[in-house]
Amino acid sequence: MTSLLQRFLPRPVQQVYQTAAGKIRSFASFLKRAGALAAPYFMSERKWYARGMLAAIVALNLAAVYMLVLLNEWNRLFYDALQNRDADVFWYQLQRFMVIAFIFIVIAVYRFYLTQLLEMRWREWMTQSYAKRWLSGNAFYRLELLRFTQLDAGTTDNPDQRIQEDLNLFTSYSVSLTMGLLNALVTLFSFVGILWTLSGDFSFYLFSDAVTIPGFMVWMAILYCLVGSVLAHYIGRPLIALNFKQQRVEADYRHQLVRLREYSESVAMDKGEPVERGRLDRRFGAVLSNYIALLLAKKRLTWFTVGFGQLAVVFPFVVAAPRFFSGAIQLGQLMQISSAFGRVQDSLSWFVDSYDALASWRATTDRLTRFDDAMAQVSETNHDPAQYRLQSPESSALQATGLQLTLPNGQVIGSPITLDIQPGASVCVQGPSGSGKSTLLRAIAGIWPWWQGQLSQPEGFADRAMFLPQRPYFPSGPLREAVAYPQASDGLTDAHLARALTRAGLSHLTNDLAAEANWTQKLSGGEQQRLAIARVFLKQPAWLFLDEATSALDEQTEAVVYQTLLDDMAARGGTVISVAHRASVAKLHRETWHMPTTGQA
């Protein structure tokens, strides 16, 4: 087809065709992506509920259009009664209007209610689905690792905003726009016949020949709306990119505020308020700058759409006026023509009226599609046997042969690693910063898939291993939940929790188990690390990995806590592998192992 166009059509025509074809392909691709996001809910375990709700909403929309058809007929009878001064018909039509209006109100109320209910249930399902995928296979962690790398280029920014806001916008726009389009199509087919019949023929002479156009008002409505749709597209198309960017810069600004709250103590100690204020000003400046551009684009579109709508009010009267003044039609028919033309024009103008919402929907769909693709990419990486090879042989040792760690972009970290750690061992891993010590623990934990070689773990290792990072996480709420995390605290007595706190050197907190606070901010760095160690006494793992887990403690306290921890693990035949820089920590272990340092981190 393209070759034929190149051979027989002028170049300007070819360019117009190619541009139009490209836009059609782009829009078709967008609809396919939107359908891929929407379909799972209607194919899920809730499919009959979802489909039933959707069918009910469609039925109510059809009923609403039928009421509009009745009101259109009522217009003719009512205004004819006024023109003829027929009081009996006038009062009868008023009573009839009250019945039609009441039914229409009932339909409108339940259509609104069911639409909102469907949006909420759909959002609930999608939120649960995306949150589950985001939290499965450590996707939330790996997405952060992939950000701003060659594999991601920053396309998965602010996943919290995508789950919380974008899913809400997607479900809302999907339902409202779909039902709006359905309403427009049904209204169009319902009223176009009425308008065709009422508008009559339009005759004129062209080169001495009489030309008659049947259904003249229909063709005028189509021409009017076609021109309006084309103009609306060219005036409003910058809104798509601007809406996409606005969501991103708003989320970036909110993220900066959250980080400032999380690190408030560090910022205050460093007197970093001026720097943070500058960062917030820059982020908010980006919000304002893009919003102003978005506002100007919306203003241009509003100029057109409002003018387009106002002109449509008088347009049918102007066109039908000659027939009315000639006596061909009465006032009731003129009002019916105006009403029918308005319905047809509204239907054909759906694209014009909904352009702003369509632009927001497309931006939201693009953001969710990228997020969806990124999670799929992480999932594929997680299960790629060429990169992620964990074995559980009968051996009770933790072994590695030729284990080569890499960064997500393929850059090599250190040299290949060989390990053979037997149960009951206590090993301190040391090496310069950047040699891959923490990354080795991440690979053993199963959250770092970028490595090659052989890594063998004993049977049931995942359930019997515990990893303590340098900066532990504590949920906000009662202290008992922070101590028991990630387990539920319901099955643990206060005495059990208090004993774990005392063994970790936190006896002063034993009376605060019911107290609620943001423990990350309330506790010092050393207290946070000791609170994480208290979890070890509760969980009693067989394999314990510590990554600078006592770096915030003074050497004397560190020695006491570490010795208590090592004695507890030794009494149960447990294994301890520590990453630490201090020689005092290394002395507490029976073995010290140095990371090979060839290569760069």
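Computed over heavy atoms, backbone and side chain alike; hydrogens, waters and symmetry mates excluded. Being a predicted model, the structure only gives us computed values, none of them experimental.
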Do you know the tightest heavy-atom contact between Pro475 and Glu481?
CG-O, 4.2 Å

So does Met43 have more than 12 non-hydrogen atoms from other groups sitting under 6.0 Å from CE?
no

Sorted by chain and number, sequence neighbours left out, side-chain hydrogen bond (donor to acceptor under 3.5 Å, both in side chains) with Tyr253 holds for none

What I'd like to find out is whether the side chain of Tyr79 reaches to under 4.5 Å of the side chain of Gln83, using heavy atoms alone.
no

Full working for side chain to side chain contact (heavy atoms under 4.5 Å, CB included) between Val186 and Asn61
CA-CA 9 Å; Val186 175; Asn61 276 276; over 6 Å; no

Counting only heavy atoms not in Tyr66, do more than 12 fall under 6.0 Å of its OH?
no

For side chain to side chain contact (heavy atoms under 4.5 Å, CB included), just list the numbers for Leu77 and Tyr92, CA-CA rounded to whole Å, side-chain angles, deciding distance to a tenth of an Å, and then say yes or no.
CA-CA 10 Å; Leu77 299 173; Tyr92 172 74; over 6 Å; no

Taking the side chain as every heavy atom from C-beta outward, state whether Gln246 and Val249 have any pair of such atoms under 4.5 Å apart.
yes

Atom pair CZ/CG of Phe170 and Leu368 - distance to nearest 0.5 Å:
7.0 Å

Please list, chain by chain and in numerical order, all residues satisfying salt bridge (Lys or Arg N to Asp or Glu O under 4.0 Å) with Asp160, sequence neighbours excluded.
none

Leu71 vs Phe97 side-chain heavy atoms within contact, under 4.5 Å
yes

Give me the atom names and distance for the closest heavy-atom approach of Ser190 to Val65.
OG-CG1, 3.6 Å

A side-chain contact here means heavy atoms from C-beta on lying under 4.5 Å apart; do Tyr173 and Leu177 qualify?
yes

Count the heavy atoms belonging to other residues, nucleotides or ligands that lie under 6.0 Å from CZ of Phe30, then report whether that count exceeds 12.
yes

May I ask you to decide if Trp125's main-chain N or O and Ser129's side chain share a donor-acceptor pair within less than 3.5 Å?
no

If you round to the nearest 0.5 Å, how far is OH of Tyr291 from CZ of Phe284?
10.5 Å

Should the pair Asp372-Arg33 be classified as a salt bridge under the 4.0 Å nitrogen-to-oxygen rule?
no

Hey, could you give me the CG/CZ distance between Asn168 and Arg123, rounded to the nearest 0.5 Å?
4.0 Å

Arg46 and Met53: CA distance, side-chain angles, deciding distance, side chain to side chain contact (heavy atoms under 4.5 Å, CB included) verdict
CA-CA 11 Å; Arg46 300 187 188 179; Met53 289 282 287; over 6 Å; no

Is the gap between the ring centers of Trp134 and Tyr130 under 6.0 Å?
no

For residues Trp350 and Asn183, determine if any side-chain heavy atom of one lies less than 4.5 Å from a side-chain heavy atom of the other.
no

Contact summary for Pro449 and Arg142, nearest pair of heavy atoms:
CD-NE, 3.5 Å

Could I get the full list of salt bridge (Lys or Arg N to Asp or Glu O under 4.0 Å) partners for Arg121, not counting sequence neighbours?
Glu124

Looking at OG of Ser172 and CD of Gln116, how far apart are the two atoms once the value is rounded to the nearest 0.5 Å?
6.5 Å

Minimum heavy-atom separation for Leu114 to Ala56, with atom names?
CD1-CB, 4.0 Å

Return yes if some donor-acceptor pair links the side-chain N/O of Asn290 with the main-chain N/O of Ala286 below 3.5 Å, else return no.
no

Check this for me: does any side-chain nitrogen of one of Arg370 and Asp366 sit under 4.0 Å from a carboxylate oxygen of the other?
no

Taken to the nearest 0.5 Å, the spacing of Leu37 CG from Thr369 OG1 works out to 4.5 Å

Measuring from Leu68:CG to Asn72:CG, what's the distance to the nearest 0.5 Å?
9.0 Å

Whether the side chain of Ser44 engages the backbone of Tyr41 through a donor-acceptor N/O pair (distance < 3.5 Å, no angle test) should be reported.
yes

Write down the atom of Ile103, the atom of Met67, and the distance for their closest heavy-atom approach.
CG2-SD, 3.7 Å

Are Leu62 and Val58 close enough that some pair of their side-chain heavy atoms sits under 4.5 Å apart?
yes

In terms of relative ring orientation, are Trp74 and Phe78 parallel, tilted or perpendicular, with 30° and 60° separating the classes?
parallel

For the pair Thr364 (side chain) and Ser360 (backbone), establish whether a donor and an acceptor sit closer than 3.5 Å, ignoring hydrogens and angles.
yes

Minimum heavy-atom distance between Arg162 and Arg367, given as atom pair plus value
NH1-O, 2.8 Å

Around atom CZ of Phe90, are there more than 12 heavy atoms of other residues, nucleotides or ligands at under 6.0 Å?
yes

Does Lys298 form a side chain to side chain contact (heavy atoms under 4.5 Å, CB included) with Leu301? I'd like the steps, not just the answer.
CA-CA 5 Å; Lys298 286 186 176 182; Leu301 184 61; 5.6 Å; no

Is the backbone N or O of Ala241 less than 3.5 Å from a side-chain atom of Arg362, with the two atoms forming a donor-acceptor pair by type?
no

